[in-house]
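Predicted, not measured: the structure shown is a model, and the values here were computed from it. Note that these values count all heavy atoms, side chains included, but never hydrogens, waters or copies made by symmetry.
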Amino acid sequence: MSIVSIQRIVIIGAGTMGAGISEVCAKAGFDVVLCDVNAAVLERAMGRAEASMAKAIAKGKLSTADAEAARARIRLDTDTASSERADLVIEAVPELMDLKKQILHEVSSRNPDALVASNTSSLSVTELAASCRNPARVLGMHFFNPVPIMALLEIVRAEQTDATYIDAALAFAGRIDKSPIVVRDIPGFATSRLGVAIGLEAIRMLEQGVASAEDIDRAMELGYRHPMGPLRLTDLVGLDVRLSIAEYLTKEIGPQFSPPPLLRQKVRAGKLGKKTGQGFYTWE
Ligand code: CAA
């Protein structure tokens, strides 16, 4: 049994990931405080969680009573360093190192005994941990979109992380019904490094006129059994998110991650994928 007893979870950042993580934690019976500076973003996140749970009910994956109980376990808070006591803090704000450091510093100072996790998809967890009150308790918990459906939890061990807290994170993964992997803290970890490499190559192929977006995606869906082709997946993740990870990996690993001009051009045009209605595809 883990020595870290988790009951209350503070989740900071109510974007797509924060909303999904809140839903999954509340369904697993944890008390959740979802924090964001923007009250409208918080309301939208709750709406997303409710819509997702309604879909889960329709698919026979959740009872109405359990959905209502989960909904009641989520509290919204506009203080990003929530004054609520937390056993586990999960930070899911945008991929900006300084923003993450500031938030993690504040929240870990208020909760010196909590396990502190960042949902970063590629930034150095070691650098994030260094900004915290107790770096030994800090690690990466990388969730995947859509969080209620995706089975994986990538646990990232920072240089400072104590083995006890990796065990606690593994136990937590079991409680939220996710299958964990543990990776060393290197840029892009396992998932982003491989996923971004395929996504960027698909965009370069589109630039070179190798095939249409639909056919490039179909190649991987039917030829490699990927559930979704790399261009549609880039639309789902967000082109801006992919661009910022690619820029970071170029700096940290090398030019193979250099963002293709087409990706930059679409981001400049505000075509960020599903969330804006347009990316490599047009979304309803
Ligand atoms: N809650 C719970 N379960 C749900 C659900 C919900 N809201 N919605 C659907 N499900 C269940 C369904 O019941 C179904 O379960 P069974 O297989 O047991 O029947 C399963 O989830 C699939 O549901 P659908 O049939 O509705 O969905 P689909 O088959 O069209 O698949 C998809 C949708 C899961 C998104 C699939 O296309 C997929 O896996 N795409 C790839 C997603 C991916 O790669 N995500 C990672 C992105 S990278 C990332 O997030 C990290 C990063 O750092 C950027």
Side-chain angles (χ1 to χ4, degrees), residues 13-21 23 41 44-45 47-49 51-52 55 59 92-96 119-123 142-152 154 187-284:
T16 309
M17 300 307 286
I21 297 166
E23 178 193 335
V41 168
R44 203 157 56 229
R48 275 202 200 127
S52 168
K55 192 169 171 195
K59 296 245 177 202
V93 302
E95 291 287 274
L96 300 167
N119 177 53
T120 181
S121 54
S122 60
L123 299 179
H142 184 198
F143 289 83
F144 296 83
N145 182 18
V147 181
I149 305 180
M150 302 301 285
L152 182 65
E154 186 173 42
F189 319 133
T191 52
S192 297
R193 190 161 168 176
L194 286 170
V196 170
I198 293 173
L200 295 178
E201 202 54 35
I203 300 170
R204 288 187 198 104
M205 287 163 62
L206 189 63
E207 280 179 338
Q208 291 164 11
V210 172
S212 65
E214 288 81 359
D215 280 356
I216 291 171
D217 278 346
R218 212 166 286 136
M220 297 311 282
E221 287 160 10
L222 302 183
Y224 280 70
R225 275 207 178 201
H226 287 196
M228 189 181 262
L231 296 168
R232 202 178 295 281
L233 182 57
T234 304
D235 270 10
L236 179 73
V237 168
L239 275 67
D240 52 335
V241 174
R242 272 283 151 95
L243 176 60
S244 90
I245 299 176
E247 282 170 338
Y248 180 73
L249 294 182
T250 305
K251 189 161 62 80
E252 296 287 331
I253 299 180
Q256 68 268 42
F257 288 99
S258 181
L262 180 60
L263 180 59
R264 284 192 192 285
Q265 192 188 343
K266 283 193 181 285
V267 171
R268 282 197 191 110
K271 295 178 179 175
L272 307 183
K274 190 176 178 185
K275 62 188 167 190
T276 60
Q278 192 119 43
F280 294 103
Y281 294 88
T282 299
W283 296 78
E284 294 276 292

S.K.: How about Glu23 and Val147: do any of their side-chain heavy atoms sit closer than 4.5 Å?
M.R.: no

S.K.: So do Asp217 and Met228 actually touch side chain to side chain, heavy atoms under 4.5 Å?
M.R.: no

S.K.: Check this for me: does any side-chain nitrogen of one of Arg264 and Glu247 sit under 4.0 Å from a carboxylate oxygen of the other?
M.R.: yes

S.K.: Answer yes or no: does atom NZ of Lys275 have more than 12 heavy-atom neighbours from other residues, nucleotides or ligands under 6.0 Å?
M.R.: yes

S.K.: Which heavy atom of Ala19 sits nearest a heavy atom of Ala49, and at what distance?
M.R.: O-CB, 4.4 Å

S.K.: Got a second to check how far Ile149's CD1 is from Phe144's CZ, nearest 0.5 Å?
M.R.: 14.5 Å

S.K.: Might you point out which heavy atoms bring Leu272 and Thr276 nearest each other, and give the distance in Å?
M.R.: N-OG1, 3.0 Å

S.K.: Just verifying a value: how many Å separate Leu263 CG and Glu207 CD, rounded to the nearest 0.5 Å?
M.R.: 8.5 Å

S.K.: Judged by atom type as modelled, is there a donor-acceptor pair below 3.5 Å linking the side chain of Thr234 to the main-chain atoms of Leu239?
M.R.: no

S.K.: Hey, does Asn119 have a side-chain heavy atom less than 4.5 Å from the side chain of His142?
M.R.: yes

S.K.: Quick one: pull up CD1 in Ile198 and CD1 in Ile203 and give me the separation to the nearest 0.5 Å.
M.R.: 12.5 Å

S.K.: Output the distance between atom CZ (Arg218) and atom CG (Leu231), rounded to the nearest 0.5 Å.
M.R.: 12.0 Å

S.K.: Find out whether Met220 and Arg232 are in side-chain contact, i.e. whether some heavy atom of one side chain is under 4.5 Å from a heavy atom of the other.
M.R.: no

S.K.: Does Glu95 use its side chain to pair, donor to acceptor, with the backbone of Ile245 at less than 3.5 Å?
M.R.: no

S.K.: On the 0 to 90° scale, with breaks at 30° and 60°, tag the Tyr281-Trp283 ring pair as parallel, tilted or perpendicular.
M.R.: perpendicular

S.K.: About how many Å separate CG of Asp240 and NZ of Lys271, when rounded to the nearest 0.5 Å?
M.R.: 14.5 Å

S.K.: Do any N or O atoms from the side chain of Glu221 and from the backbone of Gly229 form a donor-acceptor pair under 3.5 angstrom?
M.R.: yes

S.K.: Do Thr191 and Glu154 have a side chain donor and acceptor closer than 3.5 Å?
M.R.: yes

S.K.: Is the shortest heavy-atom distance from the side chain of Phe280 to the side chain of Lys266 under 4.5 Å?
M.R.: yes

S.K.: Specify the closest pair of heavy atoms between Arg193 and Pro187, including all atoms of both residues, with the distance to one decimal.
M.R.: CD-O, 4.1 Å

S.K.: Ignoring hydrogens, what is the shortest heavy-atom contact between Pro259 and Leu243? Give both atom names and the distance.
M.R.: CB-CD1, 3.5 Å

S.K.: So, for Pro260 and Leu200, which heavy atoms are closest and what is the spacing to 0.1 Å?
M.R.: CD-CD2, 3.7 Å

S.K.: Can you check whether Lys55 reaches Pro148 side chain to side chain, under 4.5 Å on heavy atoms?
M.R.: no

S.K.: Any salt bridge between Glu201 and Arg204, counting N to O under 4.0 Å?
M.R.: yes

S.K.: Do Leu233 and His226 have side chains that approach each other closer than 4.5 Å (heavy atoms only, starting at C-beta)?
M.R.: no

S.K.: Drop me the distance from Asn145's CG to Leu236's CG, to the nearest 0.5 angstrom.
M.R.: 4.5 Å

S.K.: Does Thr250 use its side chain to pair, donor to acceptor, with the backbone of Ala246 at less than 3.5 Å?
M.R.: yes

S.K.: Indicate yes or no for a side-chain donor-acceptor contact from Ser192 to the backbone of Ser121 under 3.5 Å, with no hydrogens or angles considered.
M.R.: yes

